K.L.:
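Quick one: structure below, then a few questions.
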Amino acid sequence: MSLNDRQQEAVLHTEGPLLVLAGAGSGKTRVLTHRIAHLIKEKNVAPWSILAITFTNKAATEMKERASKLVQNGDMWISTFHSMCVRMLRRDAELLGYDRYFTIYDTADQKVLIKEVMKQLDISEKNFPVGQVLGAISNMKNQLILPSEAKKLAGAEFREYVIADIYDRYQDRLFNLNAMDFDDLLVNVCILLQTQPQVLDYYQRKFKYILVDEYQDTNMVQYKLVQMLAGLYQNLCVVGDDDQSIYGWRGADIKNILGFEKDFDDVMTIKLEENYRSTKNILDAANKVVANNRNRKHKALWTAKEKGDPIYIMELDNEYKEAVAVADKIVWLIESGTYDYKDFAILYRTNAQSRALEEKMIAHSIPYRLLGGVRFYERKEIKDLLAYLRVIANGKDDIALKRIINVPKRGIGAATISKIELHGIQNGLNFFEAASDSIQNNIVSGAAAQKIREFVSTIEALRETKDDVRHLVDILIEKVGYLDYIKNYDDEDPQDRIKNIEELVSKAQTYMQAAEEPTLDQFLEEIALVADVDNYDENSNSIVLMTLHSAKGLEFPVVFLTGLEEGLFPSYMSIKDEEYDDTKLEEERRLAYVGITRAMEKLYLTYATERMVYGQTKINTPSRFINEIPTEITNREVNKRKSYQPEYEFKQQYKQQFSKPRQKIENVPPYESDINMGDVVKHRMFGRGTVTELSKTSDDVFATIEFDSGQTRKLSVKFARLQKVK
DNA sequence: GCCTCACACGTTTTT
DNA sequence: CGTGTGAGGC
């Protein structure tokens, strides 16, 4: 397959700033890889002069693979912003006063630390929920607002001042822990480049050609980084689609892409508008939906493909029936012989929705993979073991240390811990140092001291085998008796946890085999920076369940977009003040656009009229996004599937009887039908068929019909309007 | 120092 | 509804 004219232009225009507005499915990855190949092969650019930044590690790996097929790509930097920054910091963190073996803190670690800080400042979590504080701090970091500035900006605003104060202390603590959170990785590189001219100069000269993918999702720090790195040569190519900007909540600023032409001089802009992925109907639906957004660049995505199937819209009673309907369609499509499990994706707005879907996939024996939810590295047992590894790697990581100092239980209790902690604070020691020091000074003595001594020597012994990660994990588990601990600790299913631990061991093994020069730090770093999508393996033959956000950049022949309900998608948060602020709603709409454009051939949109949220049933109306799709290209099925899940039906009735006592329970006479076994009937959509099975419920009769077309369906006699032929 | 029970809270999305 | 946290008892 060759490149089209526009794509070619984007590949050949190598000098100066270039903005490529690449619509969904317009082949931008091809452009990027061909551009890299062109630079190296035709322009004789050295691979190590190229920097390519992607949004996920998976995209980076993929690009590396694709590029390596075209050229030798030895020392090319192809990575995410975060990985790139870690790489730079491992080299120069000392210039900022950090140790190069710094630890990367994830959200959970951040929360623990913020809680500690708030406790010290005597701020109640009631008034300042940790999550909110964390979000506020992250926002400030994304805008490059440092604690000192934050305080100035807060001025007399009490709330903001308190948060700025927490931010200040939090940052201080991080520094002393030799740790950085995700945002710090970017912020610190920014500071590094701003304050160390020789470092800036080095990278500016090094990276003669810079490419940034998914530019619409960059935030201010990332913008600054790009601007600085490209400062000398200005050979900056950014690729993105303003209609696919879905990370505003993470500080991504759509203005970066909308204003690119103003931010740089002599910008060349190329639009890629031919979509190679989806059928015409799918593309039309996507275009029509996103056209309702006002804040966007004009683009007219088109395709040479056929119209294809209509957009299927299905209304179901609740999330379980929705899941069954989806499962049913998958089974049906598989049986039709055209599709394989790997061709399907089920997408949803929130991770919580995956439960019902997962349950029904199991019930229908559909092999599936679930991305997101409780991530592997966030599982308790994994976090515990990683905390050990972190302590081994970075002796200053008190947060990790405190997590495992008494896990498994070894008789070091809260009293001992606070004694050591106090001693540490008074003498400016980190926890590990303070522990040893406390014993020497008899601040901790007796049995407790003995336990501490044992613990310290265990850690020190483990440090000996630090970089043989596989071996280290093995002896760690053995030395601290972690497996026994898990077996006794978990009442229900230690088996799952043990499996996870084995998984970690095998990850260590894989790492050892893959890495050229394996180190514990690098192993931990890889773990800290992987997203779930990074683990998505498209070769395994199973359907995949994931959030819309995770699905960005992927494509599937058949896509189910579930939960299209007002309040869920678009989310309640985005519509609650849409009258005076529709930016959030517009982002939701872009998310819908992303979802729709994942589909190549068939797109199903589903919604439930009733859904359990927080254990309470909520009644929702269909999402406005459904109404934004012209009815001419849709096929809407409304509540066809009342027959499924009789046990659930029963529960619902039960609930209705008892939870709504006001309602009168009438004695409904059983529904009578004149359809019998063996009857030949006609249906307005499915045509002629034979009744092979009948089942009665209190108010309806369901007929299983084998249609002449080959499909078998279970239909409600009450609603299907069957005509008797014979 | 450890364990149990009750209650509060959350779900929008993630590197 | 399910999970995580904190207080109080042993």
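Only a predicted model underlies this, so the values are computations on that prediction, with no experimental measurement involved. Only heavy atoms go into these numbers, but all of them, side chains included; no hydrogens, no water, no symmetry mates.
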K.L.:
NA contact type, A:E588, heavy-atom cut-off 4.0 Å: base, sugar-phosphate, or nothing?
P.N.:
base
K.L.:
Can A:N256 and A:T218 be counted as having a side-chain donor-acceptor contact under 3.5 angstrom?
P.N.:
yes
K.L.:
Expressed in angstrom and rounded to an integer, what is the separation of A:E214 atom CD from B:dT15 atom P?
P.N.:
12 Å
K.L.:
Between A:F55 and A:Y247, is the gap from one ring center to the other below 6.0 Å?
P.N.:
yes
K.L.:
On a whole-Å scale, what distance lies between the C1' atoms belonging to C:dT5 and B:dT12?
P.N.:
24 Å
K.L.:
Measuring to OP1 and OP2 of B:dT15, would you say a side-chain N or O of A:N142 lies under 4.0 angstrom away?
P.N.:
no
K.L.:
Return yes when atom OH of A:Y101 has more than 12 non-hydrogen atoms of other residues, nucleotides or ligands closer than 6.0 Å, and no otherwise.
P.N.:
no
K.L.:
Could you tell me how far apart A:I412 (CD1) and B:dC2 (C1') are, to the nearest whole angstrom?
P.N.:
15 Å
K.L.:
Could you state the CG-C1' distance from A:N139 to B:dT15, rounded to the nearest angstrom?
P.N.:
15 Å
K.L.:
Whole angstrom is fine here: how far is it from NE2 in A:H82 over to C1' in B:dT15?
P.N.:
4 Å
K.L.:
Evaluate A:E610 against A:K618 for salt bridge (Lys or Arg N to Asp or Glu O under 4.0 Å), listing each step before the verdict.
P.N.:
CA-CA 6 Å; A:E610 240 182 61; A:K618 277 197 97 168; over 6 Å; no
K.L.:
Does the ring center of A:Y167 lie less than 6.0 Å from the ring center of A:Y170?
P.N.:
no
K.L.:
What does nucleotides 3-11 of chain B look like as a protein-contact string, B for base, S for sugar-phosphate only, - for none, at under 4.0 angstrom between heavy atoms?
P.N.:
S-----SBB
K.L.:
Between A:E116 and A:R173, does at least one N-O distance fall below 4.0 Å, as a salt bridge requires?
P.N.:
yes
K.L.:
Whole-Å distance between B:dT14 C1' and A:L591 CG?
P.N.:
13 Å
K.L.:
Would you sort out whether A:E566 and A:R624 count as a salt bridge (Lys or Arg N to Asp or Glu O under 4.0 Å), showing the intermediate values?
P.N.:
CA-CA 7 Å; A:E566 286 291 300; A:R624 66 188 72 192; 2.8 Å; yes
K.L.:
Considering every strand and a 4.0 Å limit on heavy-atom distances, what is the contact class for A:D106: base, sugar-phosphate, or nothing?
P.N.:
nothing
K.L.:
Could you pick out which residue, A:Y572 or A:S83, lies toward the 5' side of DNA chain B when each is mapped onto its nearest nucleotide?
P.N.:
A:Y572
K.L.:
What integer distance in Å separates A:K383:NZ from C:dG4:P?
P.N.:
13 Å
K.L.:
Would you indicate which nucleotide in B:dT15, C:dT3, B:dT14 comes nearest to any side-chain atom of A:F182?
P.N.:
B:dT15
K.L.:
Measure CD/A:E587 against P/B:dT12 and give the value in whole Å, please.
P.N.:
14 Å
K.L.:
Which part of the nucleic acid, if any, lies within contact of A:A415, taking any heavy atom under 4.0 Å across all strands shown: a base, the sugar-phosphate backbone alone, or nothing?
P.N.:
sugar-phosphate
K.L.:
Which class fits the ring pair A:Y511 and A:F523: parallel under 30°, tilted 30 to 60°, perpendicular over 60°?
P.N.:
tilted
K.L.:
So, is A:S571 near the phosphate of B:dT13, with a side-chain N or O under 4.0 Å from OP1 or OP2?
P.N.:
no
K.L.:
Find which nucleotide of DNA chain B each of A:R410 and A:F81 is nearest to by heavy atoms, and output the residue with the more 5' nucleotide.
P.N.:
A:R410
K.L.:
When you measure from the side chain of A:K115, which nucleotide among C:dC1, C:dT5, B:dT14 comes out closest?
P.N.:
C:dT5
K.L.:
Expressed as a whole number of angstroms, how long is the span from A:K584:NZ to B:dT13:P?
P.N.:
15 Å
K.L.:
Is any N or O donor-acceptor pair between the side chain of A:W249 and the base of B:dT13 shorter than 3.5 Å?
P.N.:
yes
K.L.:
With a cut-off of less than 4.0 Å, is there a side-chain N or O of A:T416 near OP1 or OP2 of B:dG1?
P.N.:
yes
K.L.:
Is the distance from OP1 or OP2 of B:dT14 to the nearest side-chain N or O of A:N351 less than 4.0 Å?
P.N.:
yes
K.L.:
For nucleotides B:dT11 and C:dG6, find the distance between their C1' atoms and express it as a whole number of Å.
P.N.:
23 Å
